[in-house]
2 protein chains.
Amino acid sequence: MSMEGQDIKKAGLKITLPRLKVLEILEVSEQRHMSAEDVYKALLLMGEDIGLATVYRVLTQFEDAGLVSRLSIDGGHAVFELEDGVHHDHLLCVSCNQIEEFVDEVIEQRQRSIAIEKGFKMTEHSLYIYGICKQCQEKN
Amino acid sequence: MSMEGQDIKKAGLKITLPRLKVLEILEVSEQRHMSAEDVYKALLLMGEDIGLATVYRVLTQFEDAGLVSRLSIDGGHAVFELEDGVHHDHLLCVSCNQIEEFVDEVIEQRQRSIAIEKGFKMTEHSLYIYGICKQCQEKN
DNA sequence: GTGTAAATGATGACGGTTTTCATTTATATT
DNA sequence: AATATAAATGAAAACCGTCATCATTTACAC
Ligand SMILES: [Mn+2]
Ligand SMILES: [Mn+2]
Ligand SMILES: [Zn+2]
Ligand SMILES: [Zn+2]
């Protein structure tokens, strides 16, 4: 059994070809942040005939298992990334859709303080900075 | 012509009953943050037979005109609020869906710095803190 | 190998939102 | 005030990402 197989098994899931292949795509793909559709298309290119419904199912199971995390981008569709255990937030280029990551402890701490001030028990947060990336600025 | 009429006219839109009534709902309603469906239902209660498609259209036009701003809540549907010219972010109760507002200059400044560090020209940002509000904590 | 529960893929349903198109309305012009 | 015309409306269907259903296939404990 491959290393990936272990992760799947630990999650209480059977080791199936669709699951191995979805994990593989997320690992080897150029882009770290992929939509279900992106994963589905990459599988087709790889010659794997795996249904889109299965891709959605598997990604959700991986999310529940903590293998993958889901970003809910403004305006509908979600993107997934391999969970690396380090919380981070995202910068999104509105021109080329490139996604960059950042970690900022000051912001994290301020969020916790605000929740406390307002009497909220914070469960999570969602922060996206939208803008034009360096490359797209240079292009215009 | 009413005060509200002026706003609509300034936006280059004809002053129609649906537009006046949608604006009125947003102004007089108990809840500051309302979905299109919320506005639609409030109009029905008021005895105004305005189609849901029109509510969506008018809200989008008001957004374009800067009269209203749209929050894209995690998990699908949007909520709208009257634009008051002061930027703020939101705390959302995952239990009762109540929405609170906050302003935090430290976070705003950090976001600008991060964008600069990454070479991004920031256009906007979206920050939501999810949690359990005070009242919902006390209830359980 | 066999039995059984779990997983898959095709397809349709779903929910929020937008589009279409025939009809109605606001407003500028006479 | 009547007219002309572009804009706005409402009903309905289309849309889009995602999820549920269900008959068939598969993994894996025995
Ligand atoms: Mn990321
Ligand atoms: Mn608000
Ligand atoms: Zn870019
Ligand atoms: Zn609450």
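In the text below, chain A, chain B and the rest are named by the order of the sequence lines, each starting its count at 1. Fair warning: this is a prediction, and the values are worked out from it, not measured in the lab.
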Student: To the side chain of Thr54(A), which of dT18(D), dA27(D), dG9(C) is closest?
Tutor: dG9(C)
Student: What is the separation between atom CD on Glu37(A) and atom P on dT18(D), rounded to the nearest whole Å?
Tutor: 9 Å
Student: In whole Å, I'd like the distance from the CG atom of Leu43(A) to the C1' atom of dG9(C).
Tutor: 14 Å
Student: Relative to the ring of Tyr128(B), is the ring of Tyr130(B) parallel (under 30°), tilted (30 to 60°) or perpendicular (over 60°)?
Tutor: tilted
Student: Does the side chain of Arg19(A) get closer than 4.0 angstrom to OP1 or OP2 of dT8(C) through an N or O atom?
Tutor: yes
Student: Using heavy-atom distances to pick each residue's nearest nucleotide on DNA chain C, tell me which of Leu17(B) and Tyr56(B) is more 5'.
Tutor: Tyr56(B)
Student: Hey, which of these two, Ala36(B) or Lys14(B), hits DNA chain C nearer its 5' end, going by closest nucleotide?
Tutor: Ala36(B)
Student: May I have the distance from Asp38(A) (atom CG) to dC16(D) (atom P), rounded to whole angstrom?
Tutor: 16 Å
Student: Counting heavy atoms from C-beta on, name the nucleotide in dT18(D), dT19(C), dG9(C) closest to the side chain of Leu52(A).
Tutor: dT18(D)
Student: Can you tell me how far C1' of dT8(C) sits from CG of Leu59(A), to the nearest Å?
Tutor: 15 Å
Student: Under 4.0 angstrom, heavy atoms only, what part of the nucleic acid is Ile50(B) near: base, sugar-phosphate, or nothing?
Tutor: sugar-phosphate
Student: Using atom OH of Tyr40(A) as one end and atom C1' of dG17(D) as the other, report the distance to the nearest whole Å.
Tutor: 14 Å
Student: Go through the N and O atoms of the side chain of Arg57(B) and the base of dT20(C), and report whether any donor-acceptor pair is under 3.5 Å.
Tutor: yes
Student: Please give, in whole Å, the distance from dT24(C) C1' to Ile15(B) CD1?
Tutor: 18 Å
Student: If I take atom CG from residue Leu20(A) and atom CD from residue Glu27(A), how far apart are they, to the nearest 0.5 angstrom?
Tutor: 9.5 Å
Student: Is Phe102(B) reachable from Ile73(B) through a run of I, L, V, M, F, W or Y residues, each pair having side-chain heavy atoms under 4.5 Å apart?
Tutor: no
Student: I need the single residue from Glu83(B), Glu124(B), Glu63(B) that forms a salt bridge (charged side-chain N to carboxylate O under 4.0 Å, His left out) with Arg70(B). Which is it?
Tutor: Glu63(B)
